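Counting begins at 1 with the first residue of the sequence. From a predicted model like this one, the values you see are computed outputs, not experimental measurements.
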Amino acid sequence: MTRHGKNCTAGAVYTYHEKKKDTAASGYGTQNVRLSKDAVKDFDCCCLSLQPCKDPVVTPDGYLYEKEAILEYILHQKKEIARQMKAYEKQKNEKKAEMAELSKAAKESQVKNFLDKELSIVSKPLNPFDRQSGDPQPGPSSGEKAKQLPSFWIPSLTPEAKTKAIPKPDKCVYCPMSRKPLKLKDLIPVHFTPVDSSVDRVGLINRQDRYVCAVTRDMLGNSVPCAVLRPSGSVVTLECVEKLIKKDMVDPMNGEKLTDKDIIVLQRGGTGFAGSGVELEAKKSRPVMQA
């Protein structure tokens, strides 16, 4: 606790710094932490591996992935869906078998009740002075009563020990970032233009400035809005798109016609000083003190 928290006469105002420090020490309230540059991925890094992409692909929403990583993710999701579907089908068959057994038991119970009523019909009149006819009917034995009593000490027979129903799984694979349906045909290959084509990939990764715009040769970075042209997969700046490409709507790399859907805005990683279109503040909600 701060001095103000220990001694309220230390100051007339409970400052924001003291409140923030007390909140962090007490374990109550919401903590806000601003992410630094080291905690934000670069614009050319994969959203799954967080490493510079060797064979990059982009989704229609502008999220960049390493081709190997996103294919492995899609395969894993399909295997998980198949496993959940198998468990759902097993539960469905078990429920069907259980309903068949209940129906069979109900029919057997009806037949047994009918036979008991038929056998209880007496063809000759009963003698009211016969002591045997007046004897009470024997009740169920103690063993039968024990079978009828619920065994609450057995976990499988307690009311809470019910098997959880498995819902029908969704067969659709979703993007790990945008949570929108993702198909393999939606992935678009991306071709970055390196600063120096003679430098190998290892040397390129060690540089801070690695890629340039395919048209204007401007340097690309987290603070520069970029876009991917679908027909060629080239990466250009949004400034180039607005000033040059949207006038003719033609891909300058291969001459194909463009539509608005063919210009995919690339999601940026952001910097430690400006938002750059992303959320750079991490929040952690904790219990709130109530009076």
Side-chain angles (χ1 to χ4, degrees), residues 37 40-74 77 172-197 199-201 204-205 207-271 274-280:
K37 183 177 182 297
V40 181
K41 77 175 190 66
D42 292 333
F43 74 101
D44 59 336
C45 292
C46 173
C47 293
L48 290 176
S49 64
L50 304 180
Q51 298 297 324
C53 295
K54 181 179 179 182
D55 189 8
V57 291
V58 68
T59 64
D61 296 317
Y63 291 100
L64 194 72
Y65 295 101
E66 178 69 38
K67 188 174 182 179
E68 182 180 356
I70 192 64
L71 290 181
E72 186 177 352
Y73 170 81
I74 293 175
Q77 291 298 317
C172 184
V173 178
Y174 294 93
C175 176
M177 297 298 294
S178 63
R179 306 308 303 171
K180 294 183 179 179
L182 179 64
K183 295 181 180 180
L184 194 61
K185 63 180 181 180
D186 296 335
L187 299 176
I188 304 159
V190 178
H191 304 288
F192 285 103
T193 305
V195 176
D196 188 358
S197 58
V199 181
D200 59 352
R201 183 173 179 272
L204 198 64
I205 291 175
R207 290 187 176 186
Q208 186 175 3
D209 300 329
R210 296 188 282 267
Y211 302 110
V212 295
C213 175
V215 178
T216 62
R217 300 295 172 176
D218 292 335
M219 197 65 64
L220 301 182
N222 291 339
S223 59
V224 180
C226 305
V228 179
L229 305 179
R230 186 192 296 265
S232 62
S234 301
V235 181
V236 296
T237 61
L238 278 184
E239 185 179 4
C240 173
V241 171
E242 296 294 336
K243 294 183 177 180
L244 301 177
I245 297 176
K246 280 193 174 182
K247 291 182 178 180
D248 300 327
M249 292 302 288
V250 175
D251 192 336
M253 307 308 295
N254 54 16
E256 295 186 15
K257 286 288 184 180
L258 295 175
T259 61
D260 292 337
K261 292 184 179 180
D262 293 334
I263 302 174
I264 303 171
V265 179
L266 196 62
Q267 300 291 335
R268 293 173 288 163
T271 63
S276 299
V278 295
E279 185 68 29
L280 290 175

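- In terms of heavy-atom proximity, Q267 sits nearest to D61 at NE2-O, 3.1 Å.
- Smallest separation of non-hydrogen atoms from Y65 and T59: CE1-CG2, 3.6 Å.
- Heavy atoms only, all atoms of each residue included: D42 and R210 are closest at OD2-NH2, 3.6 Å.
- Considering only residues two or more places apart in sequence or on other chains, E68 meets the salt bridge (charged side-chain N to carboxylate O under 4.0 Å, His left out) condition with none of them.
- The two residues C175 and L182 come nearest to each other via the heavy atoms N-CB, 3.9 Å.
- Listed by chain and number, the residues in a salt bridge (charged side-chain N to carboxylate O under 4.0 Å, His left out) with E239 are K243 (sequence neighbours excluded).
- Using a 4.5 Å heavy-atom threshold, the side chains of V195 and M219 count as touching.
- One distance of note links SG of C213 with CG of L220; it measures 6.5 Å at 0.5 Å rounding.
- Of the possible donor and acceptor atoms, one in the side chain of N222 sits under 3.5 Å from a partner among the backbone N and O of F43.
- Closest approach of C53 and C45 over heavy atoms only: SG-C, 3.8 Å.
- Note that NZ of K180 is 12.5 Å distant from SG of C172, once rounded to the nearest 0.5 Å.
- D186 is linked by a salt bridge (charged side-chain N to carboxylate O under 4.0 Å, His left out) to nothing, counting only residues two or more places apart in sequence or in another chain.
- Side-chain atoms of T237 and D218 include no donor-acceptor pair closer than 3.5 Å.
- You'll find the side chain of V228 stays beyond 4.5 Å of the side chain of L64, heavy atoms only.
- Between the side chain of E66 and the backbone N or O of L48 there is no donor-acceptor pair closer than 3.5 Å.
- Residues that satisfy the salt bridge (charged side-chain N to carboxylate O under 4.0 Å, His left out) test with K246, not counting sequence neighbours, are E242.
- Looking at heavy atoms from C-beta onward, L229 lies in side-chain contact with I263 at the 4.5 angstrom threshold.
- Take A214 and apply the side-chain contact (heavy atoms from CB on, under 4.5 Å) test, not counting sequence neighbours, and it matches T193, S234, V236, M253.
- Identified under the salt bridge (charged side-chain N to carboxylate O under 4.0 Å, His left out) test for residues 251-267, with sequence neighbours left out: R230-D262.
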Check the pair V190, L266 against side chain to side chain contact (heavy atoms under 4.5 Å, CB included), reporting the backbone distance first and the verdict last.
-> CA-CA 11 Å; V190 178; L266 196 62; 5.8 Å; no

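- Considering CG of D55 and CG of L71, their distance stands at 9.0 Å, rounded to 0.5 Å.
- The two atoms that bring I264 and P60 nearest to each other are CG2-O, 3.7 Å, heavy atoms only.
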